[in-house]
Amino acid sequence: MSKNADIAKEFSRGADLMALLDENPFRVLATRKVARALEDLAESVELAAREHRLEAIAGIGKSSAEKIAEYLRTGHIAEFEILAGQVPSGVLEMLNISSVGVKTAYLLWKEAGITDIPSLQKALDAGTITGIKGFGEKKQATIRQNLAFMQTTSARIGLGYAHPLATEFVRMLQTIAGVTAVAYCGSLRRGKETVGDLDILIASDAPPAAAISDAIRRCPDVAEVVAAGETKITIRTRMGLQVDFRIVPPASWGAALQYFTGSKEHNVRLRQRAADRGMKLNEWGLFREQRVVAAVTEDAIYEALEMAWVCPEMREDHGEIELAAAMFETRAGRTPVIHDPRLAFIGNQIPPEWAAVEISDIRGDLHMHTTASDGHNSIAAMIAEAKTRGYQYIAITDHSKGQIQAGGLTVDRLMAHAREIRAVAATFDGITVLVGSEVDILADGSLDYPDEVLESLDWVVASPHSALSQEGDAATERLIRAAANPLVDVIGHPTGRLIAGRRGMEPDMQRVVLAAARSGTALEINAHDMRLDLRDVHAHLAVKAGVPLCIDTDAHQLTDFDKLAYGIGTARRAWARAENVLNTWPLERIKAWQKRRRSGDADFA
Ligand code: DGT
Ligand code: CA
Ligand code: CA
Ligand code: ZN
């Protein structure tokens with residue numbers, strides 16, 4: 001875990017402790033805000049502290065900045081340790097059970113004298129928790145189930161499992177008579193890299209609840225029905241993923257979709273915006289007095305709140321509300337004054353048509369493997385598949401010689417492979433195939449092939465594959481050195497992290513981005529669900545600095561092309577427009593961009 005995540009966790013623990021000790025709710029809230037600010041922080045908290053910039057971060061005040069500095073110095077925060085001394089450690093651990101929040105833990109501790117998970121388990125089994133308000137049979141049953149679940153798994157689930165499953169549920173539910181619309185919402189719709197659970201919304205007039213419930217139960221993935229009511233069904237899949245289904249009337253579709261898409265933070269701001277205008281927003285609609293102002297579509301709701309529609313991936317209260325309000329003003333012919341520093345990179349004038357990149361903007365995929373290294377398909381099969389996807393160009397980029405276990409190519413094999421790619425490509429019309437390589441960035445930032453070899457290639461992806469636990473500065477220098485080579489077109493999966501598998505390098509990404517801006521090098525968003533590297537906050541740094549992103553699937557087989565959607569989700573979370581994504585450009589523009597750098601007359605700084 002990074003320092004940012006470590007300290008965020010520490011503040012979150014501090015907030016929990018304060019709440020359990022009945023501290024002032026405003027202080028608790030302020031402490032939670034610090035945790036969130038650190039989670040969202042794109043740069044290294046250590047660097048910001050060293051340069052005395054902590055207090056400039058929204059949500060972090062003087063005393064929090066001091067606490068952060070203290071943590072960086074000593075590895076703990078004394079004030080929180082003192083609080084921790086007053087709360088049994090088992091009470092904090094109970095908060096890890098989903099459905100046990102601070103309030104519940106507080107009651108269990110103070111009213112029932114339960115101070116750890118084993119005694120909670122015992123009390124639930126023996127049925128000895130009685131006479132406490134809010135602890136009926138139902139609540140206890142829920143806690144018991146969640147406790148059992150927690151003991152089998154605790155991790156958030158990756159998109160590689162969650163997305164196909166959600167898509168399949170949506171497809172299946174759409175076939176039920178009486179169902180007028182189905183969509184997944186929650187974190188999946190917001191394009192987050194992992195999900196806690198799935199939220200699926202179903203619009204249906206006269207609720208055929210029984211038909212829906214039967215159809216869900218029949219799905220082969222369903223292991224257990226956790227709860228089933230008229231309008232809400234919750235199941236658990238064999239893989240341990242929870243899915244919440246909610247049935248709403250079509251008249252409330254837009255409001256429900258908006259509500260259940262979240263994020264909570266975005267929704268809080270929206271409800272406030274409604275209140276400021278004398279209206280009330282909830283999952284049923286936007287109301288003035290008892291009258292419905294908007295409810296059927298999301299568009300209408302945002303419109304009535306004097307905002308442009310916000311793409312789901314941006315709904316995190318990271319400035320998108322201010323952006324959408326400014327777009328609304330611009331469209332109405334007014335010139336909004338933008339004060340929000342988060343929008344500064346867009347410029348003084350918000351274009352009325354500002355839009356995040358979409359799948360249909362993508363013209364090609366510039367990172368993929370064949371059987372020459374560790375791919376499963378031939379050159380011809382990859383080209384044919386790319387053609388069916390409507391791509392105008394692709395790059396074939398097999399591994400370099402250092403990747404022995406992945407069948408990396410010696411220089412001789414690479415040369416033969418290049419000839420073969422050109423020969424096979426000549427048999428296809430209507431698509432340009434770039435001969436490329438995914439060359440290893442070695443631990444010191446040098447590359448696995450000499451420049452003479454790279455010069456003969458049309459496209460060079462340079463990626464780190466080994467020495468991924470390097471310390472921060474070494475990792476930063478390594479990536480900067482690779483980017484400085486004018487023959488490198490794009491840095492592939494820059495940190496090497498694997499979601500739920502490997503933490504990867506933690507370079508100072510702001511410095512890497514600035515170096516890439518100077519050298520005119522693109523940075524990859526590797527779209528594989530296990531990677532999503534760059535991640536959202538780092539890709540946002542590239543967008544702000546004007547460094548082109550390249551959204552690649554790194555396909556090792558034909559079906560991997562489908563993973564593009566995950567990379568698009570991350571790019572949209574980073575506020576990337578089509579313009580920011582290199583592989584939305586026509587090939588001629590990419591070539592001109594590459595030529596400026598390779599010929600040394602680049603003027604990228
Ligand atoms: P996850 O499941 O942890 O990946 O994240 P989400 O965002 O999918 O969260 P989830 O499943 O708890 O709730 C889905 C959405 O429903 C959430 O983004 C906003 C909305 N929502 C659910 N419960 C609440 C609530 O208590 N307050 C507010 N404001 N919104 C809620
Ligand atoms: Ca969810
Ligand atoms: Ca949920
Ligand atoms: Zn690759």
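These numbers come from the heavy atoms of this one structure, side chains and all, not from hydrogens, waters or symmetry mates. Counting starts at 1 for both ligands and their atoms, in listed order. Given the structure is predicted, the values throughout are model-derived calculations rather than measurements.
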- Message: Residue-level breakdown please: for D197 versus ligand 1, do any non-hydrogen atoms fall below 4.0 Å on the side chain, on the backbone, on both, or on neither?
- Response: both
- Within the side chain of R413, is there an N or O that forms a donor-acceptor pair under 3.5 Å with the backbone of A372? yes
- Query: Can E316 and R269 be counted as an ion pair, charged N to O under 4.0 angstrom?
  - Reply: no
- Query: Could a heavy atom of V195 be found less than 4.0 Å from some atom of ligand 1?
  - Reply: yes
- Task: Tell me how many protein N, O or S atoms are closer than 2.8 Å to the Zn ion (ligand 4).
- Result: 4
- Mark up the atoms of ligand 1 that fall under 4.0 Å of a heavy atom belonging to R190, in ascending order. 7 (O), 18 (O)
- Message: Just verifying a value: how many Å separate D197 CG and Q242 CD, rounded to the nearest 0.5 Å?
- Response: 5.0 Å
- For atom NZ of K401, is the number of surrounding heavy atoms from other residues, nucleotides or ligands below 6.0 Å larger than 12? yes
- Task: May I ask you to list the protein N, O or S atoms found at less than 3.0 Å from the Ca ion (ligand 2)?
- Result: D197 O, D197 OD1, D199 OD2
- Query: By number and element, which atoms of ligand 1 are closer than 4.0 Å to a non-hydrogen atom of F260?
  - Reply: 14 (C), 15 (C), 16 (O)
- Item | Closer than 4.0 Å: a protein non-hydrogen atom to atom 4 (O) of ligand 1 | yes
- Task: Quick one: look at K192 and ligand 1, take heavy-atom pairs under 4.0 Å, and tell me if it's side chain, backbone, both or neither.
- Result: neither
- In plain terms, say whether E168 and R171 are close enough for a salt bridge, that is, a side-chain N and a carboxylate O under 4.0 Å apart. yes
- Query: Taking atom 6 (P) of ligand 1 as the point of reference, which of P312, S187, G196 owns the nearest heavy atom?
  - Reply: S187
- Query: Taking 4.0 angstrom as the limit, do D562 and R389 come out as a salt bridge?
  - Reply: yes
- Cationic tip of R363 above Y391 ring, under 6.0 Å, 45° of axis: no
- Report yes if some N/O of S263 lies less than 3.5 Å from some N/O of ligand 1; otherwise report no. no
- Task: Quick one: closest heavy-atom pair of N485 and L487, and the distance?
- Result: OD1-N, 2.8 Å
- Greater than 12 external heavy atoms within 6.0 Å of M314's CE: yes
- Note on the structure: Under 4.0 Å between heavy atoms, the region of T261 that gets near ligand 1 turns out to be backbone
- Message: Quick check: T194 and ligand 1, any N/O pair under 3.5 Å apart?
- Response: no
- N/O separation below 3.5 Å, R271 to ligand 1: yes
- Item | Gap between atom CG of D554 and atom CG of L366 - 0.5 Å precision | 12.0 Å
